[in-house]
**Student:** 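One structure coming up, written as structure tokens, with questions to follow.
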Protein chains: 2
Amino acid sequence: MATIEDVAKLAGLSRSTVSRVINNHPYVTERKKQLVYQAMKELDYYPNSSAQRLRKQKTDTIAVLVPSLTNPFFPFLIEGLETVAVENGLQLLICQTHQNKDKERNYLQLLQTKQVDGLIFTSLENDWDSIAPFKESGPIIMCNEYRSEATVPVVRLDQVKGSYLGAKHLIESGHKKIAYCGNNKGELGADRETGFLAALDEYNIEMNNQWIFRDTPSIETGKRILRTILSLEDQPTAVFAGSDEVGAGIIKEAKLQGMQIPEDLAVIGFDDLPVAQLMEPSLTTVKQPIKEMGQKTMEIMVSMLTNQDKVNEDVIELPIQLIKRESV
Amino acid sequence: MATIEDVAKLAGLSRSTVSRVINNHPYVTERKKQLVYQAMKELDYYPNSSAQRLRKQKTDTIAVLVPSLTNPFFPFLIEGLETVAVENGLQLLICQTHQNKDKERNYLQLLQTKQVDGLIFTSLENDWDSIAPFKESGPIIMCNEYRSEATVPVVRLDQVKGSYLGAKHLIESGHKKIAYCGNNKGELGADRETGFLAALDEYNIEMNNQWIFRDTPSIETGKRILRTILSLEDQPTAVFAGSDEVGAGIIKEAKLQGMQIPEDLAVIGFDDLPVAQLMEPSLTTVKQPIKEMGQKTMEIMVSMLTNQDKVNEDVIELPIQLIKRESV
DNA sequence: ATGAAAGCGCTAACAC
DNA sequence: GTGTTAGCGCTTTCAT
């Protein structure tokens, strides 16, 4: 493995000059520059990035914590994050927490061990209090998921409004018995529930506790929820699914059980993932501007990395909107 | 930022001893070990990973090149890769090539700049000849996609058999006019086509060139293909979609156009992704053992990383199987 | 415009 | 068992 020393020797120059060429510094004669390039090529030289990182004290890498990549929401979020990252010469280190507190905490060590320059949460398992101290080690941003106690920039959607919109649509379509799916661990989940209940309240509609489901979102969860609904004496006529995947699972299982959607059961999803329009009937849903959320987040990260002084604690809220299709 | 030096001073020991404790070396008195732990805690010390990497000349990181994370096939593959990686103390650096030759080539620099210890291709845009030289810089494996010229271990499926199975099922269900979707850039695509044509050949069925579609797989592609099929004078009665996403797009669009599946058009997918069972009718498909493929690949990577001598050029072939559902 | 020298933080011989 | 020392490969003052 050739080192910068080898290149310098072969080019008959000093290490400094070679380094200047590598880093595109001004004030290097064109002639010597060529000499260096030639030597680098001849030796098949590439700078060792561990050495560069150690010396420069930065990695140009950002950790992105996601619960799982098999939930299609996150690949789309990453798409947005990556676009802006690449434009700014940053690399993404994608970390799956699999909803595990310990794993999440371990990934914070990436910041402490200087393996990444910054970190982005797209979900959060641990309490904010246990996260806060890590701000010392580098910029942290919350994207998608959020905590009001969080003392870092937050890029989020108005979840209260989102679920309010969804519930209202269901109500205005004539439904009074509406089931609700969604975990309420994080603030995101709590806000969604708030918005949902606010709509019900506005129309003086009562909630039945049997119609609340708190499982983690997945297709299987949707199927299970549908079966539970069928086993109920007092059955809802509509269901607000916490995600398109749950909504899809509900629709699929409902049809398997011989139900008509939306006649026997109206379903509304959340996210507007590709699967929403593939379903039969297509899934009415609350659309999140996922990619934009990722882009905005990375823009903030970039500015935090450059303007280290200007501490940013803003909350950026992106628009959310109802997409009417056939399942309601 | 505390360094190992600070810890050593505070503990009243040498850097070496601290280092030994960090790396769990034997032969350190329990008493001094405790002293070190205490000092580390007091100083909130974490070893700088760039320094460790530079010194140890390894990163315990493996680059995984995927075309895109929004194609759900790859998150599942990554799931398999990650399981085994984590068991062996390895980290994954996930790199999206977005089907771009230059990006793909640039990611190879990760190996040259010693930012990763090994690299896994799950797809390949460039010629093998242009990849081969990079073997010098570290272990490379192909997983999923493959090239017969490749001089590295390959973990793959019998694609010829897969598409043969699919085509045969279509034929035995009475179809003689079968459309085929799939790109034929890589060897994987070519093999699939071979298997497909072999089945046709076996049953003396002719292929119509108008029924061949070579676009990149996506839901949109599926929709477009269906519309093209409808515009044909001589229309196929069945279609072998190259992936479940294409199959799903075809089914969705077909129903939009008032067709009955499988009566008016039988559809068979590939992969067995979650969307296959969500469709109405559910999608008959050729199932790939995606997770297993990832696991096997990472096991080989681990062994290459440890037994550096034993050069492994094996081709591991995993089983592939037909899943009969309702779309045929 | 270029080179010499110091040092980023760590590990691993080697010596005792 | 523990400390001393050299050095991984690079960048960046500082001096010229």
Side-chain angles (χ1 to χ4, degrees), chain A residues 1-37 39-40 43-61 89 109-117 137-138, chain B residues 1-37 39-40 43-61 89 109-117 137-138:
Chain A
M1 218 38 229
T3 72
I4 198 171
E5 177 83 53
D6 302 327
V7 176
K9 267 189 195 144
L10 183 61
L13 296 163
S14 72
R15 295 204 311 259
S16 342
T17 305
V18 177
S19 174
R20 287 191 187 98
V21 172
I22 292 172
N23 294 284
N24 286 313
H25 276 275
Y27 309 129
V28 183
T29 328
E30 187 57 33
R31 162 152 172 61
K32 310 218 162 171
K33 215 183 256 181
Q34 292 311 323
L35 244 38
V36 171
Y37 283 136
M40 293 203 306
L43 293 169
D44 195 32
Y45 168 80
Y46 290 87
N48 179 307
S49 58
S50 299
Q52 288 183 312
R53 289 174 174 202
L54 176 57
R55 186 55 236 247
K56 293 190 180 170
Q57 300 281 43
K58 62 175 192 148
T59 62
D60 294 322
T61 304
Q109 290 196 4
L110 292 171
L111 223 39
Q112 301 177 308
T113 61
K114 302 278 174 230
Q115 203 179 137
V116 299
D117 296 339
S137 309
Chain B
M1 219 39 229
T3 72
I4 198 171
E5 177 83 54
D6 302 328
V7 176
K9 269 189 196 142
L10 183 61
L13 296 164
S14 73
R15 295 204 312 261
S16 348
T17 305
V18 178
S19 174
R20 287 191 188 99
V21 173
I22 292 171
N23 294 284
N24 287 313
H25 276 276
Y27 309 130
V28 183
T29 329
E30 188 57 33
R31 160 150 174 64
K32 311 219 161 170
K33 215 183 254 180
Q34 292 311 323
L35 244 38
V36 170
Y37 283 136
M40 294 203 306
L43 293 168
D44 195 32
Y45 167 80
Y46 290 88
N48 180 306
S49 58
S50 298
Q52 288 183 312
R53 288 174 173 201
L54 176 58
R55 186 55 236 244
K56 294 189 180 170
Q57 300 282 43
K58 63 175 192 150
T59 63
D60 295 321
T61 305
Q109 290 195 5
L110 292 171
L111 222 40
Q112 300 178 307
T113 60
K114 302 278 173 231
Q115 202 179 137
V116 299
D117 295 340
S137 309

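Letters A, B, ... mirror the listed sequences (proteins, then strands); counts begin at 1.
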**Student:** Report the distance from atom CD1 of B:Ile22 to atom C1' of C:dG9, rounded to the nearest whole Å.
**Tutor:**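 About 10 Å, once rounded to whole Å.
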**Student:** Using modelled atom types only, decide if a donor and an acceptor are shared between the side chain of B:Thr29 and the backbone of B:Arg31 within a distance under 3.5 Å.
**Tutor:**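 The answer is no, because no donor-acceptor pair under 3.5 Å joins these two groups.
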**Student:** At under 4.0 Å, does any side-chain N or O of A:Gln57 touch on OP1 or OP2 of C:dG9?
**Tutor:**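 Yes, such a contact exists.
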**Student:** Starting from the 5' end of DNA chain D, give me the residue, A:Tyr45 or B:Thr17, whose nearest nucleotide shows up first.
**Tutor:**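 Upstream on the strand: B:Thr17.
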**Student:** Using the closest heavy atom to pick a nucleotide of DNA chain C for each, name whichever of A:Leu54 or A:Pro26 lands nearer the 5' end.
**Tutor:**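 Whichever sits nearer the 5' end wins; that is A:Pro26.
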**Student:** Looking at the side chain of A:Tyr27, which of D:dG9, C:dA5, C:dA1 is the nearest nucleotide?
**Tutor:**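 Closest nucleotide to the A:Tyr27 side chain: C:dA1.
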**Student:** Whole angstrom is fine here: how far is it from CD in B:Glu30 over to C1' in D:dT2?
**Tutor:**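 Whole-Å distance recorded here is 16 Å.
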**Student:** Considering only C:dC14, D:dC14, C:dC10, which nucleotide approaches the side chain of B:Arg20 most closely?
**Tutor:**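 Of the options given, the side chain of B:Arg20 lies nearest C:dC14.
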**Student:** Side chain of B:His25, heavy atoms from C-beta onward: which of C:dA12, C:dC8, D:dT12 has the nearest atom to it?
**Tutor:**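 Minimum distance to the B:His25 side chain belongs to C:dA12.
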**Student:** How do B:Lys56 and B:Lys32 order along DNA chain D: which one's closest nucleotide is nearer the 5' end?
**Tutor:**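 First, find each residue's nearest nucleotide; the 5'-ward one identifies B:Lys32.
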**Student:** Taking only the side-chain heavy atoms of A:Pro47 (C-beta and beyond), determine which of D:dG3, D:dC10, D:dC8 contains the nearest atom.
**Tutor:**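 Minimum distance to the A:Pro47 side chain belongs to D:dC10.
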**Student:** Taking atom types as modelled and ignoring hydrogens, do the side chains of B:Lys33 and B:Asn24 form a donor-acceptor contact shorter than 3.5 angstrom?
**Tutor:**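 No, B:Asn24 and B:Lys33 have no side-chain donor paired with an acceptor closer than 3.5 Å.
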**Student:** Output the rounded distance in Å from CD (A:Gln52) to P (D:dG9).
**Tutor:**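 Those two atoms, CD and P, are 13 Å apart.
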**Student:** For the residue pair B:Gln52 and B:Ile22, establish whether any side-chain heavy-atom pair is separated by less than 4.5 Å.
**Tutor:**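 Yes, side chains in contact.
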**Student:** Using 0.5 Å steps for rounding, measure from the CZ atom of A:Arg20 to the OH atom of A:Tyr27.
**Tutor:**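 It comes to 12.0 Å.
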**Student:** Between the side chains of A:Ser16 and A:Ser19, does any donor sit under 3.5 Å from an acceptor?
**Tutor:**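 Distance-only check fails for A:Ser16 and A:Ser19.
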**Student:** Send over the distance from A:Arg53 CZ to D:dT12 C1', rounded to a whole Å.
**Tutor:**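 Those two atoms, CZ and C1', are 20 Å apart.
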**Student:** Round to a whole Å and report the spacing from CG of A:Leu35 to C1' of C:dG3.
**Tutor:**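 So the CG-C1' distance, A:Leu35 to C:dG3, works out to 15 Å.
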**Student:** Could you please name the option among D:dG3, C:dG3, C:dA6 that lies closest to any side-chain atom of A:Arg15?
**Tutor:**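 Nearest to the side chain of A:Arg15 among the choices is C:dA6.
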**Student:** To the side chain of A:Thr29, which of D:dG9, C:dA1, D:dG3 is closest?
**Tutor:**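 Closest nucleotide to the A:Thr29 side chain: C:dA1.
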**Student:** A:Glu5 has an atom CD; how far is it from atom P of D:dG7, in whole Å?
**Tutor:**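 So the CD-P distance, A:Glu5 to D:dG7, works out to 12 Å.
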**Student:** Between C:dC10, D:dC10, D:dT4, which nucleotide gets closest to the side-chain atoms of B:Ser14?
**Tutor:**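 It is D:dT4.
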**Student:** Rounded to the nearest Å, what distance is computed from the NZ atom of residue B:Lys9 to the P atom of nucleotide C:dG9?
**Tutor:**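 Result: 12 Å.
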**Student:** Counting side-chain heavy atoms from C-beta on, which of D:dT5, C:dA1, C:dG9 comes nearest to B:Ser16?
**Tutor:**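 Among D:dT5, C:dA1, C:dG9, the one nearest the side chain of B:Ser16 is D:dT5.
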**Student:** Rounded to whole angstrom units, what separation is found between the NZ atom of B:Lys114 and the C1' atom of D:dC10?
**Tutor:**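 Taking NZ of B:Lys114 and C1' of D:dC10, I get 15 Å after rounding.
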